[in-house]
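A quick write-up on the structure given underneath.
Only this structure's heavy atoms are used, side chains among them; waters, hydrogens and symmetry mates stay out.
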Amino acid sequence: MKQIELTILMPCLNEEKTLETCIKKAFSYLKSSKIKGEILIADNGSTDNSLKIAKKNKVRIINVTEKGYGSALIHGIKAANGKFIIMGDCDDSYDFTNLDEFVNKLREGYDLVMGDRFKGGIEKGAMSFSHRYIGNPILSFLGRLFYHSKIKDFHCGLRGFNKEKILTLNLQCPGMEFASEMVVKAEINNLKIAQVPTTLKKDGRDRKPHLNTFRDGFRHLKFLIINAPKWLFLLPGLILILLGLLGTALLVNGHINLTDSYSLGINTMLYSSSFIIIGILLCMFFVLDKLYSYNMKLILKLDNFTKTMSKIKTYKLVLLGILLLLIGLILSIISLVKWHNLNFGNLNPNTFMPQVILANCLMVIGMEIIFFAVLVNIMKIKVGV
């Protein structure tokens, strides 16, 4: 029996007005293109006549009890029989009769083929002003910036992909942010991605869409940020460390006069040392985030920085942390002795506090490194080269 090449997957929740139109268009495409395929409806708990319409049109149906756009598609992808899958909403906003460019790219070996509505054309009234000119462009820009992606339209609902390759991504998001998750994980794991123009017309619904502008927009934004640890943790951490080291090094021996009226002193050094502590902590979060994602199979490979950090022997990190902790303790004892020699009297903060601040900074960093080493060891990550 010849393998099914293509599954046209439609997530469905109360789409009785447009579902039959979409099914007929999809059947028309399969027939005209002579592709051995199937139409799969992933129903997410419809309470209208959607299921009756799907059965009448003799398409395959799976019932997905877990609510959410992403949930319906995740179960649909797993249940699909086709080597390739093209997914699209069944609200009659996408053209299921014109899928050649998606199929051609998939046959060429691309793992994910994204539709680009901005290049293909958006019918008047098909997309709200806020989505077309604010939400989608901003989120797509952040996606390109954070993940070095070339995708212009991160949230196009019409897209095709190789089932086997997409399953390796372990997609999990149950809501609308699933659209971002697929692209982001495909980029992180170096899947071969293409984009083709597609059209978007005003949908045929007689009700409000399931998409909630602010709630789902925030979900997309949160997903993009949380899954970009370089931007969330590493870069801010490195900037804070550099600023902190600069300030601490300049002020460790006392204050610096900028002008006759302004100078930098112990207050600035206190903030500088805090920058170092927070910066190191953020860099540790970056490594832990990457290792956790790798361990949970959210990403398939690690960057070189994380590999290097994870390969450092636990005892070496613990020894480094203990060394810094001891240096800080020694400086603290020296400061205490100086204070004792002054009969625990009043001290000049400009000469006394820099050493105390430095000692405190070293002790905190030492403790951070020790606990970081323990956490990495607990996670028991196996990093392959």
Practice prompt. Could you walk me through whether F27 and V59 pass side-chain contact (heavy atoms from CB on, under 4.5 Å), step by step?
Written response: CA-CA 10 Å; F27 269 132; V59 295; 3.7 Å; yes
Worksheet item: How far apart are the C-alpha atoms of S50 and E16, what are their side-chain angles, what is the distance that settles it, and do they pass the side-chain hydrogen bond (donor to acceptor under 3.5 Å, both in side chains) test?
Response: CA-CA 4 Å; S50 295; E16 62 180 4; 5.8 Å; no
Discussion item. For a side-chain contact (heavy atoms from CB on, under 4.5 Å) check, start with the C-alpha distance between L158 and M114, then their side-chain angles and the critical distance, and finish with the verdict.
Written reply: CA-CA 7 Å; L158 188 64; M114 293 292 300; over 6 Å; no
Practice prompt. Assess whether side-chain contact (heavy atoms from CB on, under 4.5 Å) is satisfied between E5 and F84, documenting all intermediate values.
Written response: CA-CA 6 Å; E5 182 181 20; F84 304 130; 3.8 Å; yes
Worksheet item: Does the side-chain contact (heavy atoms from CB on, under 4.5 Å) test come out yes or no for Q172 and E181, once each step is laid out?
Response: CA-CA 8 Å; Q172 297 178 0; E181 181 188 21; 4.0 Å; yes
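The backbone N or O of N136 sits less than 3.5 Å from a side-chain atom of S140, completing a donor-acceptor pair. In this structure a side-chain-to-backbone donor-acceptor pair under 3.5 Å is missing from K119 to V196. Counting only distance, with no hydrogens or angles, the side chain of T248 and the backbone of L245 share no donor-acceptor pair below 3.5 Å. Looking only at distances, no side-chain donor or acceptor of S46 sits under 3.5 Å from a matching main-chain atom of L51. No donor-acceptor pair under 3.5 Å is formed between the side chain of N189 and the backbone N or O of L191. No side-chain donor-acceptor contact under 3.5 Å links N49 to the backbone of K52. Of the possible donor and acceptor atoms, none in the side chain of Q195 sits under 3.5 Å from a partner among the backbone N and O of V113. Using a distance-only test at 3.5 Å, with no hydrogens or angles considered, a donor-acceptor pair links the side chain of H75 to the main chain of S71. A donor-acceptor pair under 3.5 Å is formed between the side chain of S273 and the backbone N or O of L270. For Y94 (side chain) and D89 (main-chain N/O), no donor-acceptor pair under 3.5 Å exists by modelled atom type.
Within a 6.0 Å sphere centred on CZ of F285, heavy atoms belonging to other residues, nucleotides or ligands number 12 at most. Heavy-atom neighbours of E108 CD from other residues, nucleotides or ligands within 6.0 Å: above the threshold of 12. Enclosure of atom NZ in K83 is not indicated, since only 12 or fewer non-hydrogen atoms of other residues, nucleotides or ligands lie within 6.0 angstrom. Surrounding NZ of K67 are more than 12 heavy atoms belonging to other residues, nucleotides or ligands, all under 6.0 Å away.
Within the 4.5 Å cutoff, the side chain of N81 has no heavy atoms near those of the K163 side chain. Two residues are said to be in side-chain contact when any heavy atoms from C-beta on lie closer than 4.5 Å; D111 and F161 fail this criterion. Here the side chains of V356 and L331 are not in contact, with every heavy-atom distance at 4.5 Å or above. In this structure, the side chains of L362 and L325 stay at 4.5 Å or more apart for every pair of heavy atoms. Put simply, the side chain of L246 does not reach to within 4.5 Å of the side chain of L242, judged on heavy atoms. Looking only at side-chain heavy atoms (C-beta outward), R159 and I86 stay at 4.5 Å or farther from each other.
A cation-pi contact, defined as under 6.0 Å to the ring centre and within 45° of the axis, is absent between K25 and F96.
Between P11 and G88, the shortest heavy-atom distance links the atoms CD-O, 3.5 Å. When all heavy atoms of G37 and I4 are compared, the pair lying nearest together is CA-CG2, 3.8 Å. Here the shortest heavy-atom pairing between V64 and N44 reads O-ND2, 3.1 Å. Between C22 and M10, the closest heavy-atom pair is O-CE, 3.5 Å. The heavy-atom pair separating G109 from K192 by the smallest distance is O-CD, 3.8 Å. The minimum heavy-atom distance linking T7 with L40 is given by the pair CG2-CB, 3.9 Å.
The aromatic rings of Y69 and F178 stand perpendicular to each other, their planes meeting at an angle above 60°, with 30° marking the opposite boundary. Between Y133 and F129, the two ring planes are tilted [angle within 30° to 60°].
A chain of hydrophobic side-chain contacts below 4.5 Å, direct or via other Ile, Leu, Val, Met, Phe, Trp or Tyr residues, connects M176 to I166. L9 and V103 fall into different hydrophobic clusters, where Ile, Leu, Val, Met, Phe, Trp and Tyr are joined by side-chain heavy atoms under 4.5 Å apart, directly or via other members. When hydrophobic clusters are built by joining Ile, Leu, Val, Met, Phe, Trp and Tyr residues whose side-chain heavy atoms come closer than 4.5 Å, directly or via intermediates, M363 is not grouped with I327. Hydrophobic clustering (ILVMFWY, side-chain heavy atoms < 4.5 Å, transitive): L326 and I334 are in distinct clusters. Transitive grouping of hydrophobic side chains (ILVMFWY, heavy atoms separated by less than 4.5 Å) keeps F372 and L319 in distinct clusters.
Distance CD1/I241 to SG/C283: 4.0 Å, rounded to 0.5 Å. Of the inter-residue distances, the one linking I39 atom CD1 with N57 atom CG reads 8.5 Å to the nearest 0.5 angstrom. Taking CG from L167 and NZ from K78, the interatomic distance works out to 7.5 Å, rounded to the nearest 0.5 Å. In this structure, CD1 in I53 is found 7.0 Å from CG in D48, a value given to the nearest 0.5 Å. Separating the CG atom in L112 from the CD1 atom in I85 is a distance of 11.5 Å, to the nearest 0.5 Å. The line from OG1 of T47 to CG of L13 is 7.5 Å long, rounded to the nearest 0.5 Å.
When each of T97, D100, N98, D95 is checked for a side-chain hydrogen bond (donor to acceptor under 3.5 Å, both in side chains) with Y29, only D100 meets the rule.
With salt bridges taken as basic N to acidic carboxylate O contacts below 4.0 Å, none links K105 and E101. In this structure, R60 pairs ionically with E38, as a charged nitrogen and a carboxylate oxygen lie closer than 4.0 Å. A salt bridge links E20 to K56: at least one charged side-chain nitrogen sits closer than 4.0 Å to a carboxylate oxygen. Taking 4.0 Å as the cut-off between side-chain N and carboxylate O, D91 and K17 do not count as a salt-bridged pair. Residues D153 and R117 are paired through a salt bridge, judged by an N-O separation under 4.0 Å between the basic side chain and the carboxylate.
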